[in-house]
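Notes follow the structure.
What you see below is based on every heavy atom in this structure, not just the backbone, and it leaves out hydrogens, waters and symmetry mates.
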Amino acid sequence: MAQYGILTALLTPFSADGSIDGARLAAHAASVVDRGVAGVTLFGTTGEGASIAASERHEGISALLDTGLSADRIVLGVYGSAAADVAAQIDEGLRAGITRFLVPPPCYFSDAGEDGIFQWFAELLALSASEAGIILYNIPQVTGVGISCPLTWRLKGAYPERIIAIKDSSGDWANAVRLLESRSLPVLLGDERLLHKGVAMGCVGSITGVANLYPERLCNLLASSTEDPMLSQTVDRIIALPVIPALKVLLADALDDPAWENVRAPLTGLSAEQKSEILALEGKGMAA
């Protein structure tokens, strides 16, 4: 199966006026690639992709490409309830040379059954060019709609050339085991705490938010298939808080650049108490 390695789920920096800060985004992407990751994911969950307007997505894409980063090292997150809107985002990525797309299920109608979700993906694939490879994105704790193992296998069976992988961010180890044991498609795990176990079973990599902070540690974990206990503790601390604001606080601290703390509504920043707590705990934990 194709190996993906560690892909940093890029945080998106915002200027004081709320616009995408392309210079900071480009510099950060170049930094994590220089530090060993195989590539980056733009506008995923960690990158607040669902809050990025269609009219501004090109700014992020151009910022990465203008650094000299090859398009084949970029996975583009795409979102929407209308298949045609998602297809338009895919077309934009294809025009820039990007061919891998991270696609969650439509989630506005949370009671849609698996037949309906299958049909939505079928429509999306019909509307988008054949060179667009789809990474199914299972993150039900965020979307409220999951992509079950049977639905994954059904989609892969129906569209073997178009469904190229699944990212399982459910945090459900039993679900990951079912996917990995099936050997039906490449599996990327989003929960860094499960990655060492997944690699031992054939997991091909991870699209990971913590690689914004510790790309080398994630690469070492993947190569060794050995848990990094301090990294797992970091994840525990992050998920105990609003995840994206917490990641941004830690990155801002690491870079000594407070602008990284800016988030876009509907997200809000950490409270002063939350910020102090995670900075104190993380500093002690990673120094230990």
Side-chain angles (χ1 to χ4, degrees), residues 1-11 28-42 44-47 69-70 72-75 100 102 135-139 141 149 152 164-240 243 246-247 250-251 253-255 278 281-288:
M1 290 189 182
Q3 297 297 308
Y4 285 72
I6 297 297
L7 301 170
T8 300
L10 291 172
L11 291 160
H28 180 53
S31 173
V32 294
V33 169
D34 286 347
R35 293 167 68 185
V37 301
V40 299
T41 297
L42 179 65
T45 302
T46 304
L69 183 64
S70 173
D72 63 9
R73 300 183 75 174
I74 301 172
V75 172
R100 297 181 297 176
L102 183 64
I135 302 172
L136 301 174
Y137 189 12
N138 183 43
I139 185 166
Q141 67 273 32
C149 292
T152 299
I164 60 172
I166 183 168
K167 179 190 179 188
D168 183 18
S169 292
S170 67
D172 182 344
W173 175 239
N175 190 74
V177 168
R178 290 188 71 193
L179 289 168
L180 290 163
E181 287 182 341
S182 76
R183 306 291 297 173
S184 59
L185 79 172
V187 177
L188 300 109
L189 293 180
D191 189 328
E192 298 87 351
R193 298 167 299 180
L194 303 179
L195 185 56
H196 65 290
K197 295 192 293 184
V199 172
M201 295 184 65
C203 168
V204 300
S206 179
I207 297 175
T208 157
V210 176
N212 285 280
L213 305 171
Y214 306 117
E216 300 92 345
R217 298 179 80 120
L218 267 300
C219 291
N220 290 339
L221 191 160
L222 184 71
S224 67
S225 67
T226 302
E227 183 180 16
D228 182 332
M230 290 185 181
L231 198 68
S232 294
Q233 291 170 14
T234 291
V235 176
D236 288 339
R237 286 191 283 270
I238 290 169
I239 66 171
V243 171
L247 282 168
L250 292 173
L251 184 60
D253 183 66
L255 298 178
I278 194 167
L281 290 172
E282 186 62 8
K284 292 177 182 176
M286 298 310 288

Under the side chain to side chain contact (heavy atoms under 4.5 Å, CB included) criterion, do L188 and T41 qualify, and how do the steps go? CA-CA 13 Å; L188 300 109; T41 297; over 6 Å; no

Just do the side chain to side chain contact (heavy atoms under 4.5 Å, CB included) check on N138 and N175 with the steps written out, would you? CA-CA 10 Å; N138 183 43; N175 190 74; 3.8 Å; yes

Side chain to side chain contact (heavy atoms under 4.5 Å, CB included) between T8 and L218: does it pass, once the steps are laid out? CA-CA 10 Å; T8 300; L218 267 300; over 6 Å; no

Chi angles and distances behind the side chain to side chain contact (heavy atoms under 4.5 Å, CB included) call for C203, L195: CA-CA 8 Å; C203 168; L195 185 56; 3.8 Å; yes

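Residues K197 and V177 form no side-chain contact, since every pair of their non-hydrogen atoms from C-beta on lies 4.5 Å or further apart.
Residue L194 holds its CG atom at 8.0 Å from OG of S170, rounded to the nearest 0.5 Å. Residue T45 holds its OG1 atom at 10.0 Å from CD1 of I207, rounded to the nearest 0.5 Å. Summarising the geometry, atom CD1 belonging to I6 is positioned 5.0 Å from atom OG belonging to S206; distances are rounded to the nearest 0.5 Å. Note: I166 CD1 to Y137 OH = 11.5 Å, rounded to the nearest 0.5 Å. Taking OG of S225 as the reference point, atom CG of N220 lies at 12.0 Å (rounded to 0.5 Å). Atom CG of L102 is separated from atom CD1 of I139 by 9.0 Å, given to the nearest 0.5 angstrom.
Of all heavy-atom pairs between R35 and L213, the closest is NH2-O, 3.5 Å. A9 approaches T46 most closely through the heavy-atom pair O-CG2, 3.4 Å. Considering every non-hydrogen atom in both G209 and L247, the closest pair reads O-CD2, 4.0 Å. The nearest pair of heavy atoms linking S169 to Q141 is O-NE2, 2.7 Å. Pairing each heavy atom of A38 with each of G5, the nearest pair is CB-CA, 4.3 Å. What you find for R73 and V33 is that their closest heavy atoms are NH2-CG1, 3.4 Å.
The side chain to side chain contact (heavy atoms under 4.5 Å, CB included) check on A246 picks up I238, L241, L270, I278, with sequence neighbours excluded. For I164, the side chain to side chain contact (heavy atoms under 4.5 Å, CB included) criterion is met by Y4, R100, I135, not counting sequence neighbours.
Residues S184 and S182 bring a donor and an acceptor atom of their side chains to less than 3.5 Å of each other.
Test E282, R217, E192, R193 against T234 for side chain to side chain donor-acceptor pair (under 3.5 Å) and you get one pass: E282. The side-chain contact (heavy atoms from CB on, under 4.5 Å) test with V40 singles out one residue from N212, L69, L7, and that residue is L69.
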